[in-house]
Amino acid sequence: MFLTLKRKITDGFLVVADVAGLVLSASGASVVAILGKLMLAVVLGAIALGFFLRIVDRRRQVAFAQARTPAWCYVASVALAVVEVALLVEATNLPIRFHQSGFEPWHWALVVLALVVAYVVHMQVFRYFTRRQNVAAQP
């Protein structure tokens, strides 16, 4: 009797493990789809932020006509763009080296596009804050 009970418990555990494995394997595609949509939302949000900052900058451009952007803003913007894109490439495991499997030349177009977008967004943010400080410092 004890052996029969032990076998039933073992069989029940194996059935539960099989069902859990089936559920996890079926939910993998859903998780990937949700994460893909989340990443797409982040990228589109960054692009929308860039457009928004561009519109805001155009509206305030008249007020900040005499203000100049300091040289450190350009250097910091380039450095931040390079670091962010490098982290993004490594995090997504995008093959950009010739010897990597799955390498395509158009991957470099994505990297250059990401660098340009990141640089423009950083410059807009830096210009906004430096010009705001310059206008506040004027008598």
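Throughout, numbering of the chain's residues begins at 1 and tracks the sequence.
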Could you check if a side-chain atom of Lys8 sits within less than 4.5 angstrom of a side-chain atom of Thr4, using non-hydrogen atoms only?
-> yes
Does Val82 belong to the same Ile/Leu/Val/Met/Phe/Trp/Tyr cluster as Trp108, with side-chain heavy atoms less than 4.5 Å apart forming each link?
-> yes
Determine whether Met39 and Val89 fall in the same hydrophobic cluster, where Ile, Leu, Val, Met, Phe, Trp and Tyr are linked whenever their side-chain heavy atoms lie under 4.5 Å apart.
-> no
Is any side-chain heavy atom of Tyr119 closer than 4.5 Å to a side-chain heavy atom of Val78?
-> yes
Locate the shortest heavy-atom distance separating Pro95 from Ser101; write the atom from each residue and the value.
-> CB-O, 3.7 Å
From Arg54 atom CZ to Phe51 atom CZ, the distance as rounded to the nearest 0.5 Å | 10.0 Å
Atom pair CZ (Phe13) and CD1 (Ile9), whose distance is rounded to the nearest 0.5 Å | 11.5 Å
Min side-chain heavy-atom separation Thr130-Trp72 under 4.5 Å = yes
Could you state the interatomic distance from CG (Leu110) to CG (Leu115), rounded to the nearest 0.5 Å?
-> 11.0 Å
Report yes or no: do Leu113 and Leu53 belong to one cluster of Ile/Leu/Val/Met/Phe/Trp/Tyr joined by side chain heavy-atom distances under 4.5 Å?
-> yes
So CG of Leu49 and CD of Gln124: to nearest 0.5 Å the spacing works out to 10.0 Å
To the nearest 0.5 Å, what is the distance between CZ (Arg127) and OG (Ser77)?
-> 8.5 Å
Pair listing, salt bridge (charged side-chain N to carboxylate O under 4.0 Å, His left out) test, anchored in residues 26-48, at least two apart | none
How long is the gap from OG1 on Thr10 to CG on Leu14, to the nearest 0.5 Å?
-> 7.0 Å
Taking the side chain as every heavy atom from C-beta outward, state whether Val121 and Phe126 have any pair of such atoms under 4.5 Å apart.
-> no
Selection residues 76-90 - residue pairs positive for salt bridge (charged side-chain N to carboxylate O under 4.0 Å, His left out), sequence neighbours left out = Glu90-Arg97
